[in-house]
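Data first, discussion second: the structure below is written as structure tokens.
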Amino acid sequence: MDSTVSAYSEKLREMSVLSLLCSCLYSQPHPNTFGQFEDMEVKSLDKRASGQAFEVILKSPTDPSPERPQTLALPPQKKEPSLGELQRRLEAAEERRKSQEKQVLKQLAEKREREKEVLTKAQEVNNNYSKMTEEKLHHKMELIQENRMARLNALKQRLREKELHAAEVRKNKELHTELSG
């Protein structure tokens, strides 16, 4: 809408300003003051003592102009398709449907195969992790067992040494009591 209004205002500016001024100054109209343009028509209404009056008629863009005759395009008439043509179309549609189904099934099979690969890899990673964890746990348990046995042996050794020392002290005490008494 704005473009149409701006186009019409541009057309009015293109009209000879000199001819408009001359029509105001002279009571007789100049022969170039009215005419027909591409999408507007200017008509002289009446002569006045103060000047000339004009009527500007804007044509709608869909109006056919005399310079450009508009051709009417008739829609192509459809012929009735024959039974063979209908049968051929149905067969072609069936083939397209079947090929589309095959494509979808192929994509689903590829997707399932990929899912199987991913699950297999995940199980393999999980098994490796479990084995590594089990080995670490087993190694840790062995270290704990070895440390426990070493502490027990050290404790037994100290107990033996204490017993030997106690036996020696008792023996010395007995000797001391025999000698003193």
Side-chain angles (χ1 to χ4, degrees), residues 1-14 37-40 58-65 68-181:
M1 180 69 178
D2 289 334
S3 63
T4 308
V5 171
S6 65
Y8 287 133
S9 65
E10 188 65 33
K11 289 288 182 185
L12 285 175
R13 276 191 231 127
E14 288 176 5
F37 300 98
E38 274 186 40
D39 49 357
M40 72 178 171
L58 303 176
K59 296 179 184 176
S60 67
T62 57
D63 286 344
S65 64
R68 291 182 262 152
Q70 199 173 23
T71 59
L72 296 175
L74 296 175
Q77 293 185 1
K78 291 186 176 181
K79 61 178 183 176
E80 273 304 306
S82 66
L83 183 61
E85 178 72 19
L86 289 175
Q87 189 66 29
R88 186 182 60 78
R89 286 183 182 177
L90 285 173
E91 288 173 359
E94 185 68 22
E95 286 178 19
R96 284 192 304 271
R97 185 186 62 77
K98 285 182 179 179
S99 71
Q100 193 174 25
E101 283 179 2
K102 285 181 184 177
Q103 185 71 20
V104 168
L105 289 174
K106 182 181 175 184
Q107 289 175 351
L108 286 174
E110 289 174 356
K111 192 175 181 180
R112 279 191 214 123
E113 185 66 31
R114 177 70 180 139
E115 287 174 355
K116 285 180 183 178
E117 289 175 6
V118 168
L119 285 174
T120 305
K121 181 142 184 155
Q123 280 182 339
E124 186 177 310
V125 168
N126 192 19
N127 288 341
N128 287 341
Y129 179 76
S130 295
K131 285 179 184 178
M132 292 294 290
T133 307
E134 189 176 342
E135 286 176 8
K136 284 182 183 178
L137 182 63
H138 184 68
H139 182 68
K140 191 174 181 181
M141 292 296 286
E142 284 179 358
L143 284 177
I144 290 172
Q145 187 68 24
E146 286 176 9
N147 288 342
R148 182 171 180 249
M149 292 303 286
R151 275 185 276 149
L152 282 175
N153 287 337
L155 190 60
K156 285 180 184 178
Q157 182 67 29
R158 275 187 264 143
L159 269 172
R160 275 190 232 125
E161 286 176 3
K162 274 189 175 182
E163 281 183 26
L164 286 175
H165 181 67
E168 190 177 313
V169 167
R170 272 187 240 125
K171 194 178 186 183
N172 284 341
K173 190 174 183 183
E174 283 178 12
L175 278 176
H176 191 333
T177 52
E178 283 179 14
L179 287 177
S180 44

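This structure is a prediction, so every number in the text was calculated from the model and none was measured.
- Between the CE atom of Met141 and the CD atom of Glu134 there is a distance of 12.0 Å, given to the nearest 0.5 Å.
- You'll find the side chain of Leu155 reaches within 4.5 Å of the side chain of Arg158, heavy atoms only.
- A salt bridge links Arg97 to Glu101: at least one charged side-chain nitrogen sits closer than 4.0 Å to a carboxylate oxygen.
- For the atom pair NZ (Lys106) and OG (Ser99), the distance works out to 12.0 Å, reported to the nearest 0.5 Å.
- A salt bridge does not link Glu163 to Arg160: none of the charged nitrogens lies less than 4.0 Å from a carboxylate oxygen.
- Under 4.0 Å is where a charged nitrogen must lie from a carboxylate oxygen, and between Arg114 and Glu110 no such pair does.
- Between Glu115 and Arg112 there is no salt bridge, since none of the side-chain N atoms of the basic residue sits less than 4.0 Å from a carboxylate O of the acidic one.
- Taking CD of Gln100 as the reference point, atom CG of Leu105 lies at 11.0 Å (rounded to 0.5 Å).
- A side-chain donor from one of Glu142 and His138 sits under 3.5 Å from a side-chain acceptor of the other.
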From CA spacing to verdict: salt bridge (charged side-chain N to carboxylate O under 4.0 Å, His left out), Glu85, Arg89 | CA-CA 6 Å; Glu85 178 72 19; Arg89 286 183 182 177; 3.3 Å; yes
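- The line from CD of Glu91 to CD of Glu94 is 9.5 Å long, rounded to the nearest 0.5 Å.
- With values rounded to the nearest 0.5 angstrom, Leu159 atom CG is found 10.0 Å from Lys156 atom NZ.
- Remark: Asn127 CG to Glu124 CD distance equals 8.0 Å, nearest 0.5 Å.
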